[in-house]
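Side chains included, hydrogens not; waters and symmetry mates left out as well; all remaining heavy atoms used.
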Amino acid sequence: MQRYLVFGSGLIGRLLAWRLTRAGHQVDILSSDDRLGTDSAGFIAASMIAPYTEAVSADKSVLELGMRSYALWPVWLSELSESIFFNNKGTLVVAHPGDKAEMQRYQRRADHIVGSSAYQSLDRIQLEAREPELAERFQEALFFADEACLDNRQLYQKLGEFLEQNCHWQQITAVEHLNEQVIDELCHRYFSTALTHYDAVLDCRGNGARADIADLRSVRGEVIRVHAPAVDLQHCIRLMHPRYPFYLAPRPNHEYVLGATVIESADRSELSVRSGLELLSALYSLHPGFAEARILELRAHCRPALLGHLPEIRQTSWGYQLNGFYRHGYLFAPAVIERCLESLGMKTQPMLSGVCDVH
């Protein structure tokens, strides 16, 4: 049995600590966040696992890494003591008739990046058969079958319960800079041990690591959660629009999470009026039942990003930094964590080459 120290209890820290513990290792956790992870970007996110539609907006490297995570998620979730809402019914991409040019542009890029075999073009009759409540306002759609979303709040809760029972977990003041001396002092203070007693330290602080990672920056995202009893959408939805394309992720009990904004800023203030109006207007245009939906939450957070918007595992003198997940935390997390476990000498399923290499 080996011993590891994990900094951070957001999505990456929780998943990594869970996988290490499941593998039979001792894990200690230091985090400035609470047990529920309410200050984490992953707690607020729509938690979409959309390798194809995200690749269309980025490049093929997103697809390669995302498909690995898409395969791992159901396997990992099956190992939890209770089931987590996991909707793998795919994504529907739609556009209003006036935005047909946006849809055509998106389809051309999809053909170029992921290939025409990655999706199915639906006419109105086919759309009505797959998602009847969209057929009233939309005449066509693109259907990407191999995509999913999950309930991030359920996931955080269950992982938190597991880690509290199986790890030593301490909430501490945020640590801006990690080095051997700082880590050793924290080890003595909270766990009565020394840095040398750990096989590796794993830094999963996200934006909290900006002082240590020169090329790490923050990207603001804004999300709205609603309860809409009059709406019963079964798929993830992407609405094409020249100004505010947005995504909608279903949750249990007629709840939905919508978002779209990507703003180069470290601003953690509340949702702006402009973003709120645009998102809510687009939501209502998607389905008339959203007119009487109740707003449960309006939240903003900042995601950590590196150049190229791909995550990296960087080796240090004391361990590893896992960072740069951008808006793709749920899309990339399992694949990158699997690569990290492999670097620590643990056996995993065969991994894709050429992505998130340790350096």
Side-chain angles (χ1 to χ4, degrees), residues 46-58 87-149 222-262 275-295 327 331:
S47 52
M48 294 179 67
I49 306 154
Y52 288 100
T53 53
E54 284 296 320
V56 174
S57 302
N87 182 323
N88 63 346
K89 297 179 181 179
T91 298
L92 287 167
V93 180
V94 296
H96 292 291
D99 298 320
K100 190 172 183 178
E102 295 299 319
M103 176 68 96
Q104 292 172 339
R105 187 177 299 112
Y106 186 89
Q107 186 169 5
R108 287 195 299 270
R109 184 163 175 81
D111 291 343
H112 175 66
I113 298 295
V114 301
S116 58
S117 62
Y119 66 89
Q120 179 185 357
S121 295
L122 306 182
D123 59 24
R124 188 181 183 282
I125 294 175
Q126 293 169 316
L127 175 59
E128 186 173 16
R130 183 165 292 281
E131 192 70 271
E133 296 189 11
L134 285 183
E136 179 181 340
R137 293 193 171 186
F138 299 95
Q139 302 298 312
E140 59 183 355
L142 303 181
F143 174 55
F144 293 81
D146 295 329
E147 299 202 337
C149 67
E222 298 167 322
V223 171
I224 299 176
R225 287 176 174 258
V226 300
H227 178 230
V231 179
D232 190 26
L233 296 174
Q234 299 299 309
H235 299 77
C236 296
I237 310 294
R238 287 182 183 262
L239 177 66
M240 294 293 101
H241 188 279
R243 283 195 56 193
Y244 43 85
F246 84 99
Y247 51 82
L248 183 76
R251 292 289 190 271
N253 304 317
H254 298 279
E255 291 186 12
Y256 300 88
V257 181
L258 67 148
T261 56
V262 178
S275 294
L277 286 172
E278 290 182 342
L279 284 172
L280 290 172
S281 296
L283 181 65
Y284 173 61
S285 77
L286 184 70
H287 190 301
F290 283 117
E292 293 301 320
R294 296 299 182 257
I295 298 173
R327 56 180 284 173
L331 180 61

Please say whether more than 12 non-hydrogen atoms of neighbouring residues, nucleotides or ligands are located less than 6.0 Å from NE2 in His227. yes

Between Arg238 and Glu54, is there a side-chain N and carboxylate O pair less than 4.0 Å apart? yes

Parallel, tilted or perpendicular: rings of Phe290 and Tyr256 (30°, 60°): perpendicular

Would a 4.5 Å heavy-atom cut-off, applied to side chains only, mark Thr91 and His235 as touching? no

In Å, rounded to the nearest 0.5 Å, how long is the span from CG of Leu239 to CG of Leu283? 9.5 Å

Among all residues two or more places apart in sequence or in another chain, which pass the salt bridge (charged side-chain N to carboxylate O under 4.0 Å, His left out) test with Glu255? none

Is it the case that the side chain of Arg109 and the backbone of Ala58 share a donor-acceptor pair, with hydrogens and angles ignored and the cut-off at 3.5 Å? yes

Are Gln120 and Gln126 close enough, and set up right, to give a side-chain contact (heavy atoms from CB on, under 4.5 Å), and what steps lead you there? CA-CA 10 Å; Gln120 179 185 357; Gln126 293 169 316; 4.0 Å; yes

Heavy-atom nearest pair, Val226 first then Ala293, reads CB-CB, 4.2 Å

Which heavy atom of Met103 sits nearest a heavy atom of Ala141, and at what distance? CE-CA, 4.3 Å

Per side chain to side chain contact (heavy atoms under 4.5 Å, CB included), Glu131 is matched among Asp232, Val94, Leu233 by Leu233

So does Glu292 get a backbone contact from the side chain of Arg294, meaning a donor-acceptor N/O pair under 3.5 Å? yes

Side chain proximity check, Pro51 to Leu331, heavy atoms < 4.5 angstrom: yes

Rounded to the nearest 0.5 Å, how far does CG of Leu142 lie from OG1 of Thr53? 10.5 Å

Assess whether side-chain contact (heavy atoms from CB on, under 4.5 Å) is satisfied between Ile295 and Leu280, documenting all intermediate values. CA-CA 10 Å; Ile295 298 173; Leu280 290 172; 3.9 Å; yes

So do the side chains of Phe144 and Tyr119 get within less than 4.5 Å of each other, counting heavy atoms only? yes

Rounded at 0.5 Å granularity, tell me how far CD in Glu147 sits from CG in Asn87. 11.5 Å

With a 4.5 Å limit on heavy-atom distance, are the side chains of Leu122 and Leu92 in contact? yes

Using modelled atom types only, decide if a donor and an acceptor are shared between the side chain of His254 and the backbone of Ala230 within a distance under 3.5 Å. no

Any donor-acceptor pair under 3.5 Å linking the side-chain atoms of His287 with those of Glu133? yes

Nearest 0.5 Å, please: how far is CG in Leu127 from OG in Ser121? 12.0 Å

Between Val257 and Arg225, does a side-chain contact (heavy atoms from CB on, under 4.5 Å) hold up when you go through it step by step? CA-CA 5 Å; Val257 181; Arg225 287 176 174 258; 3.7 Å; yes

Value rounded to 0.5 Å, distance of CD1 in Ile113 from CZ in Arg108: 13.5 Å

Is the Phe138 to His96 ring centre distance short of 6.0 Å? yes

Non-hydrogen side-chain atoms of Phe246 and Leu286 separated by less than 4.5 Å: yes

What are the two closest heavy atoms between Val114 and Ala55, and how far apart are they? CG1-CB, 4.0 Å

When rounded to the nearest 0.5 angstrom, what is the spacing between CZ in Arg137 and OG in Ser285? 7.0 Å

Is Glu140 close to Arg124 at the side-chain level, that is, under 4.5 Å between some pair of heavy atoms? no

Are Gln139 and Asp123 close enough that some pair of their side-chain heavy atoms sits under 4.5 Å apart? no

Can you check whether Ala46's main-chain N or O pairs, donor with acceptor, with Arg251's side chain at less than 3.5 Å? yes

Side chains of Lys100 and Gln104: closer than 4.5 Å at any heavy-atom pair? yes

